[in-house]
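Residue indices begin at 1 and follow the sequence shown.
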Amino acid sequence: MGKLSDAFKIDEDKIRIREFEYHGQTFKVRVPKSTEAEEMAKRVDNPTQEAVDIYFNSLSKDLYAKRKEIEESGADIKFKGDDVIVGENSLRDLAKSQASTDIRILESIKLLVPMDGTTLGDITYADIDAEFPKPIQISLVKKIAEIISAGYDDLRKN
C-alpha cells in the first residue's frame with residue numbers, strides 16, 4: 001500500500017474499479033496504474049516480429065505469388081527487401097499497425113473484471129476474436145478507454 005492508501009484506509013483495488021454499461025451489459029474495468037499503462041503502451045507500440053510477420057504474410061502472399069506479372073505490368077507495386085510497397089504504403093507498416101491493434105484490444109480486455117472476481121490474465125487475442133466481431137472489439141475498447149480516462153479530455157482543455 002502507499003502513503004495515501006494507508007492514511008485513508010483505501011482499498012486500492014476497489015477505488016480503481018469503475019462500472020459502465022455497454023449494450024445492456026454491465027462491465028467493471030480496472031483503471032491501470034501509471035506504470036501499468038506505460039507497460040501496456042510499450043507492448044502496443046512494439047508488437048513481436050512474429051505477429052507482424054503473420055499479418056505481413058497474409059497481406060502479401062497473393063502479391064508474391066503474382067510477382068512477375070505485377071513487375072511486368074508496371075503496376076504501382078514494388079517489392080523492396082522484406083516489404084511490399086503499394087502506391088506509397090508499406091504492407092509491413094500496415095501489418096505492424098494491425099498487430100498493434102490486436103495487442104491494444106487484448107490489453108484493454110484484460111482490464112475488465114470478471115463477475116467471479118478472477119482475472120483475464122491468460123486470455124489471448126484469439127479468444128477475443130473467436131467471440132466478438134472486430135467492430136464490437138473496437139467499440140468495446142473505445143468504451144473502456146473512455147471509462148479509464150474519464151475527465152481527461154476536460155483536463156486537457158484547461
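- Grouping Ile, Leu, Val, Met, Phe, Trp and Tyr residues whose side-chain heavy atoms lie under 4.5 Å apart, directly or via other members, places Y64 in a hydrophobic cluster with F56, L59, L63, I70, I77, F79, V84, V86, L91, L94.
- With sequence neighbours left out, S90 forms a side chain to side chain donor-acceptor pair (under 3.5 Å) with D83.
- Residues R43 and E107 have side chains in contact (heavy-atom distance under 4.5 Å, counting atoms from C-beta outward).
- For K78, the NZ atom counts as densely surrounded, since its 6.0 Å shell holds more than 12 non-hydrogen atoms of other residues, nucleotides or ligands.
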Criterion side chain to side chain contact (heavy atoms under 4.5 Å, CB included) on Y125 and Q137, from CA distance to verdict: CA-CA 10 Å; Y125 177 74; Q137 294 172 31; 2.8 Å; yes
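- Residues satisfying the salt bridge (Lys or Arg N to Asp or Glu O under 4.0 Å) criterion with D82, sequence neighbours excluded, are R92.
- We find the CD1-CD1 distance between I144 and I109 to be 4.5 Å, quoted to the nearest 0.5 Å.
- Note on residues 58-67: pairs passing salt bridge (charged side-chain N to carboxylate O under 4.0 Å, His left out), not counting sequence neighbours, are R67-E71.
- As a member of the Ile/Leu/Val/Met/Phe/Trp/Tyr network built from side-chain separations under 4.5 Å, M115 groups with nothing else and remains a singleton.
- Atom CD1 of I147 is separated from atom OG of S108 by 12.5 Å, given to the nearest 0.5 angstrom.
- Applying the 6.0 Å contact sphere to CD of E50 captures no more than 12 heavy atoms from other residues, nucleotides or ligands.
- A salt bridge links E36 to R30: one of the charged nitrogens lies within less than 4.0 Å of a carboxylate oxygen.
- Legend: residues meeting salt bridge (Lys or Arg N to Asp or Glu O under 4.0 Å) with K110, ordered by chain and number and at least two apart, are absent.
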